[in-house]
A.B. asks: 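First, the structure itself, so that you have it in front of you.
We count ligands from 1, going down the list as the structure has it; atoms in each ligand are counted the same way. Atom set for the values below is all heavy atoms of this structure, side chains included, hydrogens, waters and symmetry mates excluded.
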Amino acid sequence: MQRKNFVNVKRVVIKLGTNILRNEEGEVALSRIYSFIEDISKLVKSGKEVIIVTSGAVGIGKKKLNLDSTDGDGVKQACAAVGQSRLMSFYENGFGVYDIPIAQILLTEDDFSLRHRYLSLRNTLNKLLSMGVVPIINQNDTVSTIEVHDILAGIQVCFSDNDKLSALVSSELDADLLILLTDIEGLYTADPKTNPDAKLIKEVTSVTDEILALGTGASSGGRGGMKTKLEAAKLVNRFGGRVLIANGKRQSVISKIFEGEEIGTMFSSDSERLSDKKRWIGYATNIIGKIVVNKITQDAILNKGKSLLPIGIEEVVNDFKQGEVVSICDSNYTEFARGMVNYNSDECRKIAGEHSDNIVKILGYKNYDAVITRDNITDLI
Ligand code: GLU
């Protein structure tokens, strides 16, 4: 999609990072927030559907509570609770001026990972958009268990920062464009803070390993960084959506983007659009179980569009129930696909390496020949 065609975008997710919602002193960047609201209101009045993913709750809460750090048991969660309502008061006031209703939606990993919650969330967001409401989403830091690392050991959670959250929302809502606003111009060939030769990359057509390697860690204050933004771009590109990373500190940046100005780094893709269920399987669930398969099975899944049969299973890692999504890995434990299993982990262990004809003899019943049916597999490559 050419940038001048942004005018045709119908549904856009805009993610506002912590460092552009605060000024240098760590105070709320009031004029910038109101400028975003003014620009977004214009988009809404022109008939576009806009979903905001906002960060800033923890940072604003920390300032309000006069804390130097958010370290310590429950401190970040407490700051988020204080900051979130303050943050929403700015959005409420700003959008109120333009008579645009807003809605607050706070989400945790389970709201994506549990299919019935995912579908209910999608339904509600679609309803809000059809009513002309701007949904404003943030991670529910106050109850999220992501920070409790020991409980989550071994689980790959579907998101732990707002970059990935905004990618999941874009995927769930089939958005035409995701805009990640941050405090640098976009993706550079090297770190522009330390390398004067670093050049802005204007266009990325495939988020390859080389591109991912350009990502650095979190910027101060936020949980994400260029690394999580690139992962978000890869996810969105994978389902056929587009992503723009741009500098939220530029004056009227949102309006300029929609006027077709060449701002930031654009990630486009010509991937075929994955079905909703395949997107959910591939990206939206928390993963605990792993099925390790042999080379022949890996090839059959990735290149021949086959189901995962028990005969190809080398190892089953962790426990899982029938219907859960698991990681499908090669013998080096590198994940190459995900799928929803027809058998639980104990059953998978019993039938591993066996021909499907032997399933009845081993288990006493057989519901499926395949451990994971093709329709329930999403390739991650
Ligand atoms: N949810 C966090 C907040 O509102 C931000 C998380 C992130 O920066 O990714 O402060």
A.B. asks: Counting heavy atoms only, which part of Asp141 comes closer than 4.0 Å to ligand 1: side chain, backbone, both or neither?
C.D. replies: side chain
A.B. asks: Short N/O distance, under 3.5 Å, between Asn138 and ligand 1?
C.D. replies: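 Yes, Asn138 has an N/O under 3.5 Å of an N/O on ligand 1.
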A.B. asks: Testing the 3.5 Å rule here: is there a donor-acceptor pair between the side chains of Tyr118 and Asp110?
C.D. replies: no
A.B. asks: Is there a heavy atom of Gly56 sitting under 4.0 angstrom from any atom of ligand 1?
C.D. replies: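 The answer is yes, since Gly56 has a heavy atom less than 4.0 Å from ligand 1.
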A.B. asks: Is the number of heavy atoms from other residues, nucleotides or ligands within 6.0 Å of OH (Tyr34) greater than 12?
C.D. replies: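 Yes.
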A.B. asks: Once you round to the nearest 0.5 Å, how far does CZ of Arg122 lie from CG of Asp111?
C.D. replies: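 CG of Asp111 is found 14.5 Å from CZ of Arg122.
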A.B. asks: Ignoring hydrogens and angles, state whether a donor on the side chain of Arg338 or Gln156 is under 3.5 Å from an acceptor on the partner side chain.
C.D. replies: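 The criterion, which ignores hydrogens and geometry beyond distance, is satisfied for Gln156 and Arg338.
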A.B. asks: Could you list which atoms of ligand 1 come closer than 4.0 Å to a heavy atom of Val58?
C.D. replies: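 Every atom of ligand 1 under 4.0 Å from some heavy atom of Val58: 3 (C), 4 (O), 10 (O).
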A.B. asks: Give the numbers and elements of all ligand 1 atoms closer than 4.0 Å to a heavy atom of Asp161.
C.D. replies: 9 (O)
A.B. asks: Is there any N or O on Lys15 that sits under 3.5 Å from an N or O of ligand 1?
C.D. replies: no
A.B. asks: Looking at Ser55, which atoms of ligand 1 are within less than 4.0 Å of one of its heavy atoms?
C.D. replies: 4 (O), 5 (C), 7 (C), 8 (O)
A.B. asks: Taking only heavy atoms of Ala57, which atoms of ligand 1 are found under 4.0 Å from at least one of them?
C.D. replies: 3 (C), 4 (O), 10 (O)
A.B. asks: What I want to check is whether the side chains of Asn138 and Thr54 have a donor and an acceptor closer together than 3.5 Å.
C.D. replies: no
A.B. asks: Before accepting this row, confirm whether a basic side-chain N of the pair Glu185/Arg250 lies closer than 4.0 Å to the acidic partner's carboxylate O.
C.D. replies: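 Yes, charged N to carboxylate O under 4.0 Å.
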A.B. asks: Does any N/O atom on Gly59 come nearer than 3.5 Å to any N/O atom on ligand 1?
C.D. replies: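 No; the residue has no nitrogen or oxygen that sits under 3.5 Å from a nitrogen or oxygen of the ligand.
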A.B. asks: Treat each ILVMFWY residue as a node, draw an edge where side-chain heavy atoms are under 4.5 Å apart, and state whether Leu30 and Val82 are in one component.
C.D. replies: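 Unlinked, Leu30 and Val82 end up in two clusters.
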